[in-house]
Amino acid sequence: MWRHGTLKYTRGGLVELMNSKDVIISNLVLLNSPFWNVHPVYCSNVVVRGLTIIAPRDSPNTDGIDPDSSSNVCIEDCYVSNGDDGIAIKSGWDEYGIAFNRPSSNIIIRRITSSTPFAGIAIGSETSGGIRDILVENISIYGSSIGIRVKTNVGRGGIIRNITFSHIYLENVATGIKFSGNTGDHPDARYNPMAFPVVGDIAVLNVVGSGIKTAGSLVGLRRSPFSNICLANIQLQGKVGGSTGSSWDCKDVEGSSIGVTPSPCQQLQRRGSSFCHNAFQLHNFDP
């Protein structure tokens, strides 16, 4: 009915928790959700562990796990094969999220296997409450459009900061790393076009990829460039060990890099950021 435009109601998520704390969701198989599969919103102290999430590859908006304006969340040991982002961290939508002002923070995502036509791991695009203090590690992503994704838009506002992606394996992924400041629509026309998101202090470390078409696309906003993007120990190859079809596209972004193949664009080869320096040292890279 939804595909034919005859459904009179919005599609519901499969598991949605609101204003909850001390929650464990574990050892479940979730099949064919009509919308987002697992959506803890305004929650704290949440553990999501050992889920198998399956939906048709052509099923729209069937995100796997979407922590939304939630804090102290651990997502681990899950398998996601679906029709949208595997895991996406969110925090409110435009003027409504800005007014509510509740960030997503202190989130760990680890030991996830994902296959999706969209992004394996994503931040956004609903980021209006802010997203900070996120660690994503030991992730395997297969056959996806994008591996690591950060997305937001004018009108979102919010601060996206202190995000680390580490030990990521990509196979047959079209774009390895994609950050963009012009993604996602708006709930209505009342959003503030001067509410620019602030994106910075993001580290992408220890990434290996094969069958990659484009290494990375990092495009911020002219009036709010993405800053302190740190790349280290990243090896992205095309088919059968060859080079990627194209390397990097960068605009309105700046950062530092060490040991990245193919070599990133000039905007990502600067030095001097204390955040990048600390991230590199923490993971034993020489800045």
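Just so you know, these numbers use all the heavy atoms, side chains as well, and skip hydrogens, waters and symmetry mates. It should be emphasised that the depicted structure is a prediction, and the values quoted were computed from it without experimental measurement.
Using a 4.0 Å cut-off between charged side-chain N and carboxylate O, Asp85 and Lys90 make no salt bridge. Ionic pairing of Arg49 and Asp77 is not present here: no N-O contact between side-chain nitrogen and carboxylate oxygen is shorter than 4.0 angstrom.
Both Val260 and Ile212 are assigned to one and the same hydrophobic cluster, defined by single-linkage of ILVMFWY side chains at heavy-atom distances under 4.5 Å. With hydrophobic clusters built from ILVMFWY side chains whose heavy atoms lie under 4.5 angstrom apart, Ile123 does not share a cluster with Ile146. Cluster membership check: Ile229 does not share its hydrophobic cluster with Leu135, using side-chain heavy-atom separations under 4.5 Å among Ile, Leu, Val, Met, Phe, Trp and Tyr. Under the 4.5 Å side-chain heavy-atom criterion for grouping Ile, Leu, Val, Met, Phe, Trp and Tyr, Val207 is connected to Leu268 within one hydrophobic cluster. Cluster annotation: Val80 is connected to Val15 through the hydrophobic network of ILVMFWY side chains, with a link wherever side-chain heavy atoms come within less than 4.5 Å.
Put simply, the side chain of Pro67 does not reach to within 4.5 Å of the side chain of Val46, judged on heavy atoms. Residues Val47 and Ser26 have side chains not in contact (no heavy-atom distance under 4.5 Å, counting atoms from C-beta outward). Residues Ile202 and Phe226 are not in side-chain contact: their nearest non-hydrogen atoms beyond the backbone lie 4.5 Å or more apart. Counting heavy atoms from C-beta outward, Ser210 and Tyr169 have side chains that approach closer than 4.5 Å. With contacts defined as side-chain heavy-atom distances shorter than 4.5 Å, the pair Asn82/Phe118 does not qualify. Within the 4.5 Å cutoff, the side chain of Glu171 has no heavy atoms near those of the Ser140 side chain. Val41 is not listed as a side-chain neighbour of Trp36, based on a closest heavy-atom distance of 4.5 Å or more. By the 4.5 Å heavy-atom criterion applied to side chains, Asn182 and Val219 are not counted as neighbours.
Taking the six-membered ring where tryptophan is involved, the planes of Tyr191 and His186 are essentially parallel, since the angle between them stays under 30° and well short of 60°.
What you find for Pro34 and Arg11 is that their closest heavy atoms are O-NH1, 3.2 Å. The two residues Gly64 and Ile53 have their closest heavy-atom pair at O-CD1, 3.6 Å. The heavy-atom pair separating Ser69 from Ser104 by the smallest distance is N-OG, 2.9 Å. Scanning both residues, Gly86 and Ser114, for their nearest heavy atoms gives CA-OG, 3.8 Å. Closest heavy-atom contact between Phe275 and Cys230: CD2-SG, 3.4 Å. The two residues Ser263 and Gln269 make their nearest non-hydrogen contact at OG-NE2, 3.4 Å.
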### Task
Take Trp93 and Arg156 through the test side-chain contact (heavy atoms from CB on, under 4.5 Å) and record every step on the way to the result.
CA-CA 7 Å; Trp93 200 8; Arg156 294 288 196 262; 3.4 Å; yes

### Message
Is there a side-chain contact (heavy atoms from CB on, under 4.5 Å) between Val199 and Phe179? Walk through the geometry before answering.
### Response
CA-CA 10 Å; Val199 179; Phe179 296 2; 5.7 Å; no

### Task
Determine, stepwise, if the pair Trp248 / Gln266 fulfils side-chain contact (heavy atoms from CB on, under 4.5 Å).
CA-CA 10 Å; Trp248 298 85; Gln266 286 297 120; over 6 Å; no

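Here CD1 of Ile160 is found 5.5 Å from CD1 of Ile131. Values are rounded to the nearest 0.5 Å. Taken to the nearest 0.5 Å, the CD1 atom of Ile98 stands 6.5 Å off from the CG atom of Asn192. The NZ atom of Lys178 sits 9.0 Å away from the OG1 atom of Thr214 when rounded to the nearest 0.5 Å. Note that the CG atom of Asn19 and the OG atom of Ser44 stand 9.5 Å from one another [nearest 0.5 Å]. In this structure, the separation between CD1 on Ile141 and CG on Asn172 is 12.5 Å, given to the nearest 0.5 Å. One distance of note links OG1 of Thr116 with OH of Tyr142; it measures 15.0 Å at 0.5 Å rounding.
Of the possible polar contacts, one joining the Ser70 side chain to the Cys43 backbone as a donor-acceptor pair under 3.5 Å is found. Not one N or O on the side chain of Thr127 forms a donor-acceptor pair closer than 3.5 Å with the backbone of Gly158. Here the side chain of Ser166 pairs no donor or acceptor atom with the backbone of Asn206 at under 3.5 angstrom. With hydrogens and angles disregarded, no donor-acceptor distance shorter than 3.5 Å links the side chain of Ser81 to the backbone of Ile54. Judged by distance alone, the side chain of Gln235 and the main-chain N or O of Gly259 form a donor-acceptor pair under 3.5 Å. No donor-acceptor pair under 3.5 Å is formed between the side chain of Ser224 and the backbone N or O of Leu221. A donor-acceptor pair is defined here as one N or O able to donate and one able to accept, closer than 3.5 Å; such a pair exists between the side chain of Ser33 and the backbone of Phe35. Within the 3.5 Å criterion, the main-chain N or O of Arg270 finds a donor-acceptor partner in the side chain of Ser256. Without hydrogens or angle criteria, Asn37 side chain to Asp63 main chain gives a donor-acceptor distance under 3.5 Å. Ser59 places no side-chain N or O within 3.5 Å of a backbone atom of Arg57 that could act as its donor or acceptor partner.
Side-chain contact check for Ser180 and Arg149: at least one donor-acceptor pair (N or O, by modelled atom type) lies under 3.5 Å. A donor-acceptor pair shorter than 3.5 Å can be found between the side chains of Glu16 and His39. Counted by atom type alone, Asn106 and Ser71 present zero donor-acceptor pairs between their side chains at under 3.5 Å.
Checked options Leu14, Leu51, Val48, Thr52; the residue passing with Leu28 is Leu51 (criterion: side chain to side chain contact (heavy atoms under 4.5 Å, CB included)). Of the options Asp66, Ile109, Asp68, a side chain to side chain contact (heavy atoms under 4.5 Å, CB included) to Ile89 is made by Ile109 and by none of the others. Tested against Asn162, the residues Asp201, Asn228, Asp133 include a single side chain to side chain donor-acceptor pair (under 3.5 Å) partner, Asp133.
Residue-environment remark: CD1 (Ile159) stays at or below the threshold of 12 foreign heavy atoms within 6.0 Å. Heavy atoms of other residues, nucleotides or ligands lying less than 6.0 angstrom from CD1 of Ile24 number 12 at most.
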